[in-house]
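Reckoned from all heavy atoms, side chains included, excluding hydrogens, waters and symmetry mates. Residue numbers start at 1 and run along the sequence shown.
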Amino acid sequence: MIINTDLLLNNPEIIKGLVSGEMTRYGSVIRWAKGVGPHGGNIVKHLAESPSLTNKMMLVGVDPILGGGAIATDIAGHGMNYHKLLGIDKKITGISENLIKVMGLSQLSAGASVLNLGVSAIGFAYMGYKLHQMQKSINVLQSTMTNGFNRVEANLNSLKYKIDSGFSIVIQGLKHLDNRLDNISGQLAYLYLITQDNRRKQEKLAVAISHLHQTNLIREISLLQAELNDRSRFPNESPRQAIKTASHVRIFLSSEAQKITPEVEAELLLNSDVAIQGWVVATATEANLLMEIGQFQEAKFLVQEEVSKFRQIAERWAFALLNCENHKINTLYRLDSLLFKDYISKERIQRILEICPSEQSLDFAKVHWLKSSANAEYKTSYAPERYNQVWINKQLATAEYLDTLSELLARLDTLQDFAQLCQDQGVKSSKELLPTNDAEPGLYLLPG
């Protein structure tokens, strides 16, 4: 059994490393930051969730909810739920806010929550729950788009403007969505940022959802969800059928995800998101089932193959969505500017950078120049018209979507490392390394 000293909250060395920046979270591991000593990039510890923590996340809901009064803030993600569930504010005096930031949980994309933050003994139940949430959000999304949602009268006249060097940021207009959005899951919340200004876009998205229900995408998601539910109810049964189902769904959804052309269109983003979230859940399911029966090498090979394909898709989407604007701001760093400083965090920029290989190699001077150029562009006389409310919404949606891709890639990638850990520890099943049902709620640290 894992003892309390393996809890993240009880390990001052790891906490100190995270706060100082010498260590960083990547997916489901804590590793030395790149460039730190001779071991830069190496894994320090693996993260594992206690079953009780995973259960709490299903009970309280980890997704942000889009409500009438906080859409611009809620789109930030579900990091604060982790903050509260882990009890950081009560157990670590003075550095709680720093820790949640350096863990990269203060603005985490909702879509990434389909996979656990750390490996979990009841991960199958959690992933089944998240697929169910995604299907519910699709249904609510369709209803809302079909019926339309109210925008306040004289919308622009009601906005409270925030002046920054002569440029008017109209993001407050996001707060005036109808209260009917209160029941929408955050997994697809960013789609409202793209469609909320235009009834025609809403109607097009409603039609796209109708078509989605008629395709095999939803059928395959439902098939996988049913298998996950069955596995969580009968954990001691042979996993052969579940592995076969997960493999079938993985291959199909992977193929579908690779067919979609990257564009900032709500219909394309919806289809891509559904396919990608289902794909990563199917991959994680198959890999975890293989590890439960000691097939660690097969699990590593499987994840390696899927991560390679997933990375290509993520980088393709990042390139397409970040290079479709005025040439002066065709860069990730247009989002790391004064215009977005209250809505897109530094940690989100860093995660998106992981899927932008052409921008990773830029030196400090070039990055500074790109940021300065973007800020100068936003202060031009034509900026209020060109970079208006609709454009800002589009950028926030882009950041949310790309952050989802980057975080899912990281969590899937580090599943390979967990399989290697199982091999190194000489266990017969991955279950031997995971916190048991009676473990104290929290994130646990496994050997690096």
Lys/Arg-Asp/Glu bridge criterion (N-O < 4.0 Å) met for [X], [Y]:
| X | Y | value |
| --- | --- | --- |
| E265 | K394 | no |
| R231 | E227 | no |
| R25 | E347 | no |

Let me confirm one number: the [atom1]-[atom2] distance from [X] to [Y], rounded to the nearest 0.5 Å.
| X | Y | atom1 | atom2 | answer |
| --- | --- | --- | --- | --- |
| F319 | L332 | CZ | CG | 13.5 Å |
| L322 | C356 | CG | SG | 5.0 Å |
| N116 | S28 | CG | OG | 8.0 Å |
| D273 | L408 | CG | CG | 8.5 Å |
| E354 | L402 | CD | CG | 13.0 Å |
| C324 | E263 | SG | CD | 9.0 Å |

Subject >> Trace of the side-chain contact (heavy atoms from CB on, under 4.5 Å) decision for V307 with L415 >> reply: CA-CA 10 Å; V307 163; L415 200 54; over 6 Å; no
Donor-acceptor pair between [X] and [Y] side chains, under 3.5 angstrom:
| X | Y | result |
| --- | --- | --- |
| Q258 | S254 | yes |
| E359 | T331 | yes |
| E49 | T54 | yes |
| N55 | Y126 | no |
| S222 | Q135 | yes |
| E292 | N288 | no |
| Q423 | K300 | yes |
| N229 | Y129 | no |

**OP:** Walk me through it: do L302 and R250 pass the test side-chain contact (heavy atoms from CB on, under 4.5 Å)?
**Re:** CA-CA 11 Å; L302 164 69; R250 170 180 58 80; 3.3 Å; yes
Would you say the side chain of [Y] lies within less than 4.5 Å of the side chain of [X], judging by non-hydrogen atoms?
| X | Y | answer |
| --- | --- | --- |
| H46 | L445 | no |
| L443 | L7 | no |
| I138 | V274 | yes |
| V280 | L253 | no |
| V281 | L228 | yes |
| F296 | L290 | no |
| T398 | V264 | yes |
| L446 | K45 | no |

**OP:** Begin from the C-alpha positions of Y444 and L53 and carry the test side-chain contact (heavy atoms from CB on, under 4.5 Å) through to its verdict.
**Re:** CA-CA 10 Å; Y444 284 76; L53 175 61; over 6 Å; no
Over 60° means perpendicular and under 30° means parallel, so classify the ring planes of [Y] and [X], tilted if in between.
| X | Y | answer |
| --- | --- | --- |
| F364 | H368 | parallel |
| F340 | W391 | tilted |
| Y401 | Y190 | tilted |

Do you know the tightest heavy-atom contact between [X] and [Y]?
| X | Y | answer |
| --- | --- | --- |
| A397 | I194 | CB-CG1, 3.6 Å |
| P239 | L289 | CB-CD2, 3.9 Å |
| I355 | A318 | O-CB, 3.4 Å |
| I221 | G278 | CD1-CA, 3.5 Å |
| M127 | L115 | SD-CD2, 3.8 Å |
| A299 | M291 | CB-CG, 3.7 Å |

Subject >> R334/Q395 under side-chain contact (heavy atoms from CB on, under 4.5 Å): CA gap, chis, key distance, verdict >> reply: CA-CA 9 Å; R334 72 167 177 265; Q395 305 311 306; 2.9 Å; yes
Original post:
Can you check ring-ring contact (aromatic ring centres under 6.0 Å, His included) on W279 and F252, steps first, answer last?
Top reply: CA-CA 8 Å; W279 174 20; F252 175 80; over 10 Å; no
Subject >> Evaluation steps, salt bridge (Lys or Arg N to Asp or Glu O under 4.0 Å), between E432 and K428 >> reply: CA-CA 8 Å; E432 296 177 37; K428 294 182 178 180; over 6 Å; no
Original post:
With a cut-off of 6.0 Å (strictly less than), are more than 12 heavy atoms of other residues, nucleotides or ligands near CD of E13?
Top reply: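 No, not enclosed.
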Are any side-chain N or O atoms of [X] and backbone N or O atoms of [Y], one a donor and one an acceptor, separated by less than 3.5 Å?
| X | Y | result |
| --- | --- | --- |
| S50 | G442 | yes |
| S20 | G17 | yes |
| D417 | I43 | no |
| T414 | A410 | yes |
| N326 | I329 | no |

Subject >> Candidate pair K309 and E306, rule salt bridge (Lys or Arg N to Asp or Glu O under 4.0 Å), full reasoning >> reply: CA-CA 5 Å; K309 290 185 288 185; E306 298 308 299; 3.1 Å; yes
Subject >> side-chain hydrogen bond (donor to acceptor under 3.5 Å, both in side chains) between Y387 and E377, intermediate numbers included >> reply: CA-CA 10 Å; Y387 308 116; E377 177 72 4; 2.6 Å; yes
Subject >> Pair E286-K244, salt bridge (Lys or Arg N to Asp or Glu O under 4.0 Å): steps then yes or no >> reply: CA-CA 8 Å; E286 187 176 355; K244 182 178 179 180; over 6 Å; no
**OP:** With R351 as reference, evaluate T404, D403, L405, L409 under the side-chain contact (heavy atoms from CB on, under 4.5 Å) test and give the passing residue.
**Re:**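 When side-chain contact (heavy atoms from CB on, under 4.5 Å) is applied between R351 and each of T404, D403, L405, L409, only D403 qualifies.
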Subject >> Single hit among L223, I243, L224 for side-chain contact (heavy atoms from CB on, under 4.5 Å) with H248 >> reply: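 Option passing the side-chain contact (heavy atoms from CB on, under 4.5 Å) with H248: L223.
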**OP:** Go through the steps to decide whether T245 and Q241 satisfy the test side-chain hydrogen bond (donor to acceptor under 3.5 Å, both in side chains), and finish with yes or no.
**Re:** CA-CA 6 Å; T245 300; Q241 181 57 45; 3.2 Å; yes
